[in-house]
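Shown next, in structure tokens, is the structure this report addresses.
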Amino acid sequence: MYKKEELYQKLITKLLNDSCTVEADYYRPQWHISAPIGLLNDPNGLIHHKGDYHLFYQWNPLSCRHGKKVWGHMTSKDLVSWKHYFPALIPEEEYESHGCYSGSAIVMNDQVQLFYTGNVKFEGGRTAYQCLASLNDDGSVQKLGPVISVPKGYTGHVRDPKIWLHEEYFYVVLGAQNIDKQGKVIWYRSNDLLNWQFLGELAGSGLNGLDKFGYMWECPDLFNLEGKDILLFCPQGLEKENGHFANLFQAGYVIGALNYHTKSYQHGVFQELDLGFDFYAPQTMKDEYGRRILIGWMGLPDENESYHPTIKNGWVHQMTCPRELILKNGKLYQQPVEELKVLRKNKTTKISVANNIPSLKLRCAEMIIEGGVNYQIDLSDVVSIQVDNNEITLKRKNWRTNLWESRSWQGHIELLQILLDHSSIELFINNGEAVLSSRFFSLCDKSFNIIFKGGEVIHLTYWTLSY
Ligand code: FRU
């Protein structure tokens, strides 16, 4: 637990001492969201309220390791420039002693309400409380305390409430592990946010036609898009399967129909949201324009995490760009939100044989490539994108092992959109039919360049990206 005043003092001292080093870091993103110092992971409490987008995030401000998390808080009017606030939630009470873990936000009586997990560890175990807090206009919060504790039949791994309103009830889904160590999503309903009725298991390993599907599901999110009920979740413990589930943990979705009367959910197969190396714990919100927007953590709690070269400069991890979700042909397409186009500067177009395109010295840029079924784009000697007929492969040099590793997507590639931001790359294929997001760390020198290879003509449009 923290004492608020003590944490503030440490935080301010750390900010005063470390901010310059963090901001000067060669790998620091120019326009992606990152914490001012320390470690950032899941996006939390995404909501668009009275013209402000709120993004809260899992934050360890005092170190670059996971630990007692607070909720960082940022707002934006346009999803491009963001304003920081003091942490919204700090673990100060017994029911959240080991961290204010992930959760979500909803508006009730014109006020943003935060729903999060109070993580409690004790000798030999852990438990969790789902807690409520009201956000005031100045960014401060009033904690209302726990409203749900671990139901019978589950371990202490019950967390990450995602809340929504349907007709006259609020509903919440929670990631959970049952006592047989199977990952589940359980759900509850309430009409006042304080008293919750347990509705049972909505989905999970061994349910709704799924076989064994992981020992724990984290960060569920349920929403309706084009009349379909879509459940996002992050299963842990899936075996690798020819090209699928290549990362340590997955983040994906099922599409289905939720029957609120029978409390049953029928859904299709699990599809991964992002096939890159670094993507986890995404969360969505419906904004005041009706768009469903997703932001993910461009990271994973895997063995590479503690080797990020940014740690020595006082920060680690960033978010993905905000993406609009579109349901098309039974798949979720993801597109960078329109607003990001304001970052585009110095448009250049080249129509040329790939081999003849001069290399580009750009570390923060957007590129769109059309035409060509066989070409390669190398980012110095750390990343290589290879388009080969009906397959695209993203290779990167792992900063821990120094070995090349790859991720790929099969399908016809008509259009490739690449967002680059110093140490991150997001590849959007065919207007978001597939996405691959990854971090990479090139040498800190002036020789970084983008090299195009191949004997075919490609149409390349690119911009530098800046405010
Ligand atoms: C996912 C997660 C959540 C948890 C949070 C803690 O990355 O493990 O399940 O609430 O991170 O920071």
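We count ligands from 1, going down the list as the structure has it; atoms in each ligand are counted the same way.
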Report summary line: Numbered in order shown, the ligand 1 atoms found under 4.0 Å of a heavy atom of Tyr101 are 4 (C), 6 (C), 10 (O)
Query raised in the report: Should the pair Asp278-Arg396 be classified as a salt bridge under the 4.0 Å nitrogen-to-oxygen rule?
Result: yes
Query raised in the report: Salt bridge check: are Glu303 and Arg400 linked by an N-O gap of less than 4.0 Å?
Result: yes
Report task. List every atom of ligand 1 that sits less than 4.0 Å from any heavy atom of Tyr280, numbering the atoms from 1 in the order shown and giving each element. Result -> 1 (C), 7 (O)
Query raised in the report: Which residue owns the protein heavy atom closest to atom 1 (C) of ligand 1, what's the atom, and how far is it?
Result: Asp42 OD2, 3.0 Å
Query raised in the report: Can you tell which part of Thr117 has a heavy atom less than 4.0 Å from ligand 1: side chain, backbone, both or neither?
Result: neither
Query raised in the report: Hey, is Asp160 one of the residues with a heavy atom under 4.0 angstrom from ligand 1?
Result: yes
Query raised in the report: Any side-chain donor paired with an acceptor under 3.5 Å for Asn398 and Asn304?
Result: yes
Query raised in the report: Relative to the ring of Trp59, is the ring of Tyr57 parallel (under 30°), tilted (30 to 60°) or perpendicular (over 60°)?
Result: tilted
**Report entry** Nearest neighbour in protein (non-hydrogen) for atom 8 (O) of ligand 1
**Finding:** Glu218 OE2, 2.9 Å
Query raised in the report: Does Tyr26 have Arg363 sitting over its ring (NZ/CZ under 6.0 Å from centre, angle to axis within 45°)?
Result: yes
Query - Ring geometry between Phe56 and His73 (parallel below 30°, tilted from 30 to 60°, perpendicular above 60°) - result: parallel
Query raised in the report: Which protein heavy atom lies closest to atom 12 (O) of ligand 1, and at what distance to 0.1 Å?
Result: Gln58 OE1, 2.7 Å
Requested in this report: Pull out every atom of ligand 1 sitting under 4.0 Å from any heavy atom of Ser102, numbered as shown with elements.
Outcome: 5 (C), 10 (O)
